[in-house]
Trainee: 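One structure follows; several queries about it will come next.
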Amino acid sequence: MKIKVATIFPEMFEILDVGIIGRAKQNGLIDIQIYNIRDYSADKHKKTDDAPFGGGAGMVMTPQPIHDAILDMDKDRKAKRIYLSPRGKTLDQKTVERLAKEDELLLLCGSYEGIDERIIQLDIDEEISMGDYVLTGGELPAMTLINAVSRYIDGVLGSSESTDEESFSNGLLEYPQYTRPQEFMGLSVPQVLLGGNHKQIEDWRLEQSIEITKQRRPDLYEEYVSKNPKSGKEKKR
Ligand code: 4GM
């Protein structure tokens, strides 16, 4: 997959050379190209922002450099163009899986109070948010999206890091995990996990997932129950 990013802080993206994403880049599984919006500014001082029409606090990113950057980045208009903004649809695992199927993504990072609305109208396919909070820029959300999507690209995760048994794959939160030692600071690993009865372990994990989801995410629990009407009922005989 090819991912192009437009930002005024290109140096922030050096973090993508680390860990699993860094390994995937080196192996040629994801091709990430960072573009500096400032390089496209026609202004003599390379300005990228201006005061908002109508007044008010803060600055707004001016349309010219962003529009010219996107024209250059995606000449044949083959990328899915995404603007990271608190006004977007909140990212979920289903959206991550859908975006992972694209050949090319273009991620636009805004700063300040946002960008001129006409850029969204002219140049953007989809607005996505990482949650109901505001950051100084869209760079960390863009990197979060890159990370989430990359995990679904063939070869990025090793066989022991697969996506099919994790949180959300069955619509539930993950069950508790334990490793050695068997006792730590007086706390023991649940007996069922030590027995080697795989059916029993599977049942215990599902039961734990359901209980944790019911406690912490009643919204996800209700959805799970509506799709799995028999869940929980047959267990407590
Ligand atoms: C305000 C308007 C994305 C601020 C547009 C970007 C949070 C998110 C910004 C913007 C951001 C998010 C920049 N803050 N929740 N800051 O995904 O692009």
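In each ligand, atom 1 is the first atom listed, and ligand 1 is the first ligand listed.
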Trainee: Carefully, step by step, assess Lys4 and Glu104 under the rule salt bridge (charged side-chain N to carboxylate O under 4.0 Å, His left out).
Mentor: CA-CA 8 Å; Lys4 295 176 175 175; Glu104 192 167 323; 3.3 Å; yes

Trainee: Checking Glu127 against Lys89 for the salt bridge (charged side-chain N to carboxylate O under 4.0 Å, His left out) test, could you report, in this order, the C-alpha distance in whole Å, the side-chain angles of both residues, the deciding distance, and whether it holds?
Mentor: CA-CA 6 Å; Glu127 270 186 87; Lys89 180 182 176 281; over 6 Å; no

Trainee: May I ask you to check whether Thr95 and Asp92 show a side-chain donor-acceptor distance below 3.5 Å?
Mentor: yes

Trainee: Can a side-chain donor-acceptor contact be found between Gln33 and Tyr35 if the only test is distance below 3.5 angstrom?
Mentor: yes

Trainee: Return yes or no for this condition: an N or O of Ser111 is under 3.5 Å from an N or O of ligand 1.
Mentor: no

Trainee: Looking only at protein heavy atoms, which one is nearest to atom 5 (C) of ligand 1, and what is the separation?
Mentor: Tyr83 OH, 3.1 Å

Trainee: Which of these, Glu139, Met130, Arg87, has its nearest heavy atom closest to atom 17 (O) of ligand 1?
Mentor: Met130

Trainee: Could you tell me which atoms of ligand 1, counted from 1 in the order shown, lie closer than 4.0 angstrom to a heavy atom of Ser85?
Mentor: 3 (C)

Trainee: Could you walk me through whether Glu97 and Lys101 pass the salt bridge (charged side-chain N to carboxylate O under 4.0 Å, His left out) check?
Mentor: CA-CA 7 Å; Glu97 290 187 50; Lys101 296 188 179 101; 5.5 Å; no

Trainee: For atom 9 (C) of ligand 1, what is the nearest protein heavy atom, given as residue, atom name and distance?
Mentor: Pro86 CD, 4.1 Å

Trainee: Taking all heavy atoms of Met1 and all of Val149, pick out the closest pair and write down the distance.
Mentor: SD-CG1, 3.7 Å

Trainee: Which protein heavy atom lies closest to atom 14 (N) of ligand 1, and at what distance to 0.1 Å?
Mentor: Leu135 N, 2.9 Å

Trainee: Backbone or side chain, does any N or O of Gly131 fall under 3.5 Å from an N or O of ligand 1?
Mentor: yes

Trainee: Just checking, is any N or O donor in the side chain of Glu211 or Tyr221 under 3.5 Å from an acceptor N or O on the other one?
Mentor: no

Trainee: For ligand 1, which atoms sit closer than 4.0 Å to a heavy atom of Tyr133?
Mentor: 7 (C), 15 (N)

Trainee: Taking heavy atoms and a distance under 4.0 Å, where does Pro141 meet ligand 1: side chain, backbone, both or neither?
Mentor: side chain

Trainee: Which residue and non-hydrogen atom of the protein lie closest to atom 4 (C) of ligand 1, and at what distance in Å?
Mentor: Tyr112 O, 3.9 Å

Trainee: Indicate yes or no: at least one non-hydrogen side-chain atom of Leu173 is less than 4.5 angstrom from one of Phe168.
Mentor: yes

Trainee: Could you see which bit of Glu113 sits under 4.0 Å from ligand 1, with heavy atoms only: side chain, backbone, both or neither?
Mentor: backbone

Trainee: Assess whether salt bridge (charged side-chain N to carboxylate O under 4.0 Å, His left out) is satisfied between Glu102 and Lys78, documenting all intermediate values.
Mentor: CA-CA 10 Å; Glu102 296 283 340; Lys78 64 187 259 222; over 6 Å; no

Trainee: Please work out, at 4.0 Å between heavy atoms, whether the side chain, the backbone, both, or neither of Leu84 comes within that distance of ligand 1.
Mentor: backbone

Trainee: Using a 3.5 Å cut-off on N or O atoms only, is Thr136 in polar contact with ligand 1?
Mentor: no

Trainee: Of all the atoms in ligand 1, which lie at a distance below 4.0 Å from a heavy atom belonging to Ser129?
Mentor: 12 (C), 15 (N), 17 (O)

